Asks: 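Take a look at the following structure, please.
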Amino acid sequence: MPTTSTATWLALSSRVDSLPGGFAVFGPDEAFDPPSDQYGPLPYVLLSDSRNAPERFGLSGGVSGGVAHRESGTLLIALHYPIARGISYTQLQEMIGKFVDHFPADEKMRYGTTCLRVERTPDQVTPYRDGTNRVFAVRVLWTTV
């Protein structure tokens, strides 16, 4: 049985596995080479997983009982789209909008007995250029149920 931390990541990644767009997706700290084809670099998605300190709620159950905790965090989904691919801002907004729609408020993500809930409609982070890519990101806030 995986630890709570691992089960949380597996619950998040179960939803990420079905992201629209068919882009190559790379998890936190995953070594990768940006994908390419005969025309040059291809778009790809990088994930970041940030956890907050657990929030304690409820009272101790005594010597044998525990204290309930709620966990929360942020899943950052960043689409890196090569500038050389020549795509419009509107088209990129449509792609990132599909990522937002993929994580509707109150969506449940599960792995085993671990259940996470999307707290609210994801935020779009201000897009920027990193030299070779246009980067559009979505911030998904989640909490345990």
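Not measured: the values here are computed from a predicted model. Residues: numbered from 1 along the sequence shown.
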Asks: For a quick test of reading the model, state the closest non-hydrogen atom pair linking His69 to Pro54 and the distance between them.
Replies: CD2-CB, 4.1 Å

Asks: Using the test side chain to side chain donor-acceptor pair (under 3.5 Å), find all partners of Asp33 that sit at least two apart in sequence or belong to another chain.
Replies: none

Asks: When you group the ILVMFWY residues by side-chain heavy-atom contacts below 4.5 Å and let the links chain together, are Leu76 and Leu79 in the same group?
Replies: no

Asks: Got a sec, which residues hit side chain to side chain donor-acceptor pair (under 3.5 Å) with Thr113, two or more places apart in sequence or on another chain?
Replies: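 Not a single residue meets the side chain to side chain donor-acceptor pair (under 3.5 Å) criterion with Thr113.
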
Asks: Determine whether Ile77 and Leu19 make a side-chain contact, defined as any pair of heavy atoms from C-beta on separated by less than 4.5 Å.
Replies: yes

Asks: Does a side-chain N-to-carboxylate-O contact under 4.0 Å join Arg15 and Glu107?
Replies: yes

Asks: From Trp9 CH2 over to Asp49 CG, what is the distance, rounded to the nearest 0.5 angstrom?
Replies: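 Those atoms lie 5.5 Å apart.
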
Asks: Are any non-hydrogen side-chain atoms of Arg110 and Ser14 less than 4.5 angstrom apart?
Replies: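 The answer is no, as the side chains (C-beta and beyond) never meet within the 4.5 Å cut-off.
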
Asks: List the steps, then state whether side-chain contact (heavy atoms from CB on, under 4.5 Å) holds for Tyr81 with Phe136.
Replies: CA-CA 8 Å; Tyr81 208 97; Phe136 283 64; over 6 Å; no

Asks: Is Ile87 linked to Phe23 within one hydrophobic cluster, defined over Ile, Leu, Val, Met, Phe, Trp and Tyr using a side-chain heavy-atom separation of less than 4.5 Å?
Replies: yes

Asks: Given 3.5 Å as the limit, does a donor-acceptor pair link the side chain of Arg120 with the main chain of Val140, or not?
Replies: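 Not at all, since once roles are kept as given, no pair shorter than 3.5 Å links the two residues.
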
Asks: Give a yes or no on whether Trp142 and Leu46 share a hydrophobic cluster (residues Ile, Leu, Val, Met, Phe, Trp, Tyr; joining criterion: side-chain heavy atoms under 4.5 Å apart).
Replies: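 No, Trp142 and Leu46 fall in different hydrophobic clusters.
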
Asks: Count I, L, V, M, F, W, Y as connected when their side-chain heavy atoms are under 4.5 Å apart, and connections chain through other members. Are Val100 and Val118 then in the same cluster?
Replies: yes

Asks: Which heavy atom of Phe99 sits nearest to which heavy atom of Pro20, and what is that distance?
Replies: CE1-O, 3.2 Å

Asks: Among Thr8, Thr144, Asn52, which residue meets the side chain to side chain donor-acceptor pair (under 3.5 Å) test with Ser72?
Replies: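 One option only clears the test, and that one is Asn52.
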
Asks: Find the distance between OG (Ser48) and CZ (Arg139) and round it off to the nearest 0.5 Å.
Replies: 12.5 Å

Asks: Is Val138 reachable from Val25 through a run of I, L, V, M, F, W or Y residues, each pair having side-chain heavy atoms under 4.5 Å apart?
Replies: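 Val25 and Val138: one cluster.
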
Asks: Please say whether more than 12 non-hydrogen atoms of neighbouring residues, nucleotides or ligands are located less than 6.0 Å from CG in Asp29.
Replies: no

